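One structure below.
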Amino acid sequence: MLSTCKLISETGDGGCPVERGYVLYDNHCLKMYPVKQDYQTANMRCQTDGAHLFDLKSRVHDVPAFAYLLDTMGKVLQDIPAGVWIGANDIEVEGHFLWSDRSPLFKETGLWGTGQPDNRNNEDCVQVFFSSGIAFNDLPCTWKQEYICQSSSSSRS
């Protein structure tokens with residue numbers, strides 16, 4: 001897998017920047033930052049990489065890449081009790097969650113945890129955590145969490 005990622009990177013096609021710790025899995029180019037940051041700092045760090053916080057839009061298309069990333073780091077989501085930041089928030093309009101690419105994250109996606117989003121304590125940013133499976137939760141953006149960046153050059157359309 002790494003050699004495929006290197007090959008793509010070396011072709012100049014805007015591939016996966018493996019030299020910066022990103023891993024490639026099925027057109028997803030992801031990197032997990034195990035240091036805990038608030039949402040804005042995490043988002044800015046991803047942007048410094050030419051990336052954005054991970055848009056985990058689909059259990060079918062995105063969860064396998066997420067699981068692969070964790071596996072390459074020797075982690076499982078259950079072992080990260082605080083969860084990790086992903087690229088959705090409702091900072092602009094309360095209750096209207098948007099992904100990094102400005103597409104909507106609907107409450108009806110089946111990705112939200114039970115009773116979420118609940119906007120307790122001004123919760124505008126989204127984390128993924130483990131609760132009998134992968135689930136989303138809204139949290140205050142000031143909380144510090146680990147986070148995942150997704151290289152925009154390898155994002156799915």
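Index from 1, following the sequence. Note that the structure is a prediction, hence the values are computed from the model and not measured.
In this structure, OG1 in Thr41 is found 7.0 Å from NZ in Lys144, a value given to the nearest 0.5 Å. To the nearest 0.5 angstrom, Cys46 atom SG is 9.5 Å from Lys31 atom NZ.
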- request: List the steps, then state whether side chain to side chain contact (heavy atoms under 4.5 Å, CB included) holds for Phe54 with Leu30.
  value: CA-CA 8 Å; Phe54 180 33; Leu30 305 175; 3.6 Å; yes
- prompt: Run the side chain to side chain contact (heavy atoms under 4.5 Å, CB included) check on Phe130 and Val76 step by step: do they pass?
  reply: CA-CA 9 Å; Phe130 187 84; Val76 291; over 6 Å; no
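Pairs passing the salt bridge (Lys or Arg N to Asp or Glu O under 4.0 Å) check and including a residue from residues 85-96, sequence neighbours excluded, read Glu92-Arg102. Within the structure, the salt bridge (Lys or Arg N to Asp or Glu O under 4.0 Å) test picks out the following pairs touching residues 66-76 (sequence neighbours left out): Lys75-Glu146.
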What donor-acceptor contacts under 3.5 angstrom involve side-chain atoms of residues 81-89, with partners at least two apart or in another chain?
from	atom 1	to	atom 2	distance (Å)
Trp85	NE1	Gln37	O	3.0
Asn89	OD1	Ile91	N	3.1
Asn89	ND2	Tyr39	OH	3.2

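With sequence neighbours left out, Arg120 forms a salt bridge (Lys or Arg N to Asp or Glu O under 4.0 Å) with Asp118. Checked against ring pair (Phe, Tyr, Trp, His ring centres under 6.0 Å), Tyr147 has the following partners two or more places apart in sequence or in another chain: Tyr33. Evaluation of the ring pair (Phe, Tyr, Trp, His ring centres under 6.0 Å) rule for Trp143 yields no partner, not counting sequence neighbours.
Side-chain atoms of Tyr22 and Asp49 include a donor-acceptor pair closer than 3.5 Å.
Judged by distance alone, with hydrogens and angles left aside, the side-chain atoms of Ser100 form a donor-acceptor pair with the main-chain N or O of Leu53 at under 3.5 Å.
Put simply, the side chain of Cys16 does not reach to within 4.5 Å of the side chain of Ser151, judged on heavy atoms.
Tested against Asp62 for a side-chain hydrogen bond (donor to acceptor under 3.5 Å, both in side chains), the candidates His28, Lys57, Gln150 yield a single pass: His28.
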